[in-house]
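Read the structure below first, then the notes.
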Amino acid sequence: MERWEGRLAPTPPFSLALTAGYQTYFQGQVGADRFQNGVYSRLLVRNGRPVLLQVAGSSSPEDPNHPLLRIQVVAPTLAQEDIAWAVERASWILHTDADLRPLYTRLQEDHTLRPLLPALYGLHPPRMPSVFEGLVFAICGQQVSSVVARRIRTALVERFGEPMDWDGQVWRAFPSPERLWETGVKGLREVGLSQRKAEYILDIARQAVEGSLPLEALAYSPSPEVEARLTPLRGIGRWTVEWVLLRGLGRPEVFPAGDLALQRLLARLYNHGSPLSAEEARMLAERWGPWKGYVAVLLFAGARLGLFPSLR
DNA sequence: AGCCAGGCTCTCG
DNA sequence: CGAGAGCATGGC
């Protein structure tokens with residue numbers, strides 16, 4: 001096993017605890033992501049070979065205003081290109097170059113969120129390593145509760161993800177389209193997916209393998225184009241596309257107003273508890289302008305961390 | 001026990 | 001078109 005160590009300087013403010021914590025639902029592990037003892041770990045696959053990424057803070061306690069990360073890359077063999085690629089992937093996932101200051105400026109007038117900003121300071125909206133993973137991840141979360149979604153996502157990785165032994169642990173990558181395609185409906189149902197969702201995922205995996213669906217090229221495409229490419233896919237509706245855009249690709253302006261949990265949060269925090277329709281939620285979010293997507297992330301983070309006194 | 005969860009498709013008026 | 005059934009699993 002070969003190992004490389006380096007540094008990463010995110011755009012301040014940046015908090016690894018919050019950013020990697022959010023990526024793992026503040027639960028330590030979800031899917032292929034782990035955040036344990038202050039170290040964010042993720043096994044990736046490059047050209048069919050495993051590459052383990054580990055990121056830790058360089059000071060303790062961390063100082064979001066002067067962030068500096070230590071990054072370690074581990075693989076059976078490591079070429080220069082592998083290292084550059086791994087560093088780029090780490091920056092992508094942790095969204096280290098996101099600039100939060102305009103968001104914070106806008107939220108100065110938000111009486112609900114402003115009190116939480118100190119506790120959420122430096123939370124960069126993390127992203128999924130691939131568009132494929134973002135899509136599968138979102139499909140797993142359709143309709144079911146977040147607890148069920150987490151279980152299924154993790155089971156998918158535990159069952160089908162390529163393993164790598166290192167440091168006394170087994171690390172697993174998110175399964176490739178090829179791996180899921182050969183798994184078939186039966187295998188996917190064994191991790192708790194419905195017949196329908198298994199078919200959606202296999203359909204997408206097959207198209208990705210065949211090359212008829214250039215998913216990864218969408219990572220830097222304009223949001224409307226991503227929506228136009230993904231919505232025609234079976235099993236992909238507006239909710240799923242918006243979560244891929246926000247949670248998978250980190251688009252600041254995409255607000256998943258159709259999300260039931262988000263609607264309920266907005267109802268309690270901004271509408272005196274009265275239920276909101278998707279359209280009402282979308283209109284309400286207009287006040288956050290091009291940052292409404294990041295606001296959705298803050299709302300979920302605040303809720304998961306129990307930061308809203310009124311939700312107790 | 002039964003209903004609802006961070007939706008979507010398919011079917012039927 | 002709009003409404004409604006069905007889906008997997010876990011928690012309340």
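Proteins come first, then strands; the chains are lettered A, B, ... in the order of their sequence lines, and each starts at number 1.
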Secondary structure of DNA chain B in dot-bracket form (Watson-Crick or G-U wobble, distances below 3.5 Å, | marking inter-strand pairs): .|||..|||||||
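Distance noted for atom C1' between B/dC3 and C/dG6: 15 Å (whole Å).
The shortest side-chain heavy-atom distance between A/Phe308 and A/Arg268 does not fall under the 4.5 Å cut-off.
When distances run from any side-chain atom of A/Arg264 to the nucleotides C/dA8, C/dT9, B/dA5, the shortest one goes to B/dA5.
A sub-4.0 Å separation between OP1 or OP2 of C/dG6 and a side-chain N or O of A/Arg196 is absent.
In this model, no side-chain donor or acceptor of A/Arg234 finds a partner on the base of B/dG7 within 3.5 Å.
Within 4.0 Å of A/Leu262, counting heavy atoms only, lies no atom of the nucleic acid at all. Note on A/Tyr25: a base of the nucleic acid sits closer than 4.0 angstrom, heavy atoms only. Note on A/Leu233: only backbone sugar-phosphate atoms sit closer than 4.0 angstrom, heavy atoms only; bases stay farther off. Within the 4.0 angstrom heavy-atom criterion, only backbone atoms of the sugar-phosphate kind lie near A/Gln142; the bases stay farther away.
Annotation: of the two residues near DNA chain B, A/Thr231 and A/Phe300, the 5′-most nearest-nucleotide partner is A/Phe300.
Residue A/Glu199 forms a salt bridge (Lys or Arg N to Asp or Glu O under 4.0 Å) with just one option from A/Arg189, A/Arg234, A/Lys186, A/Arg206, and that option is A/Arg234.
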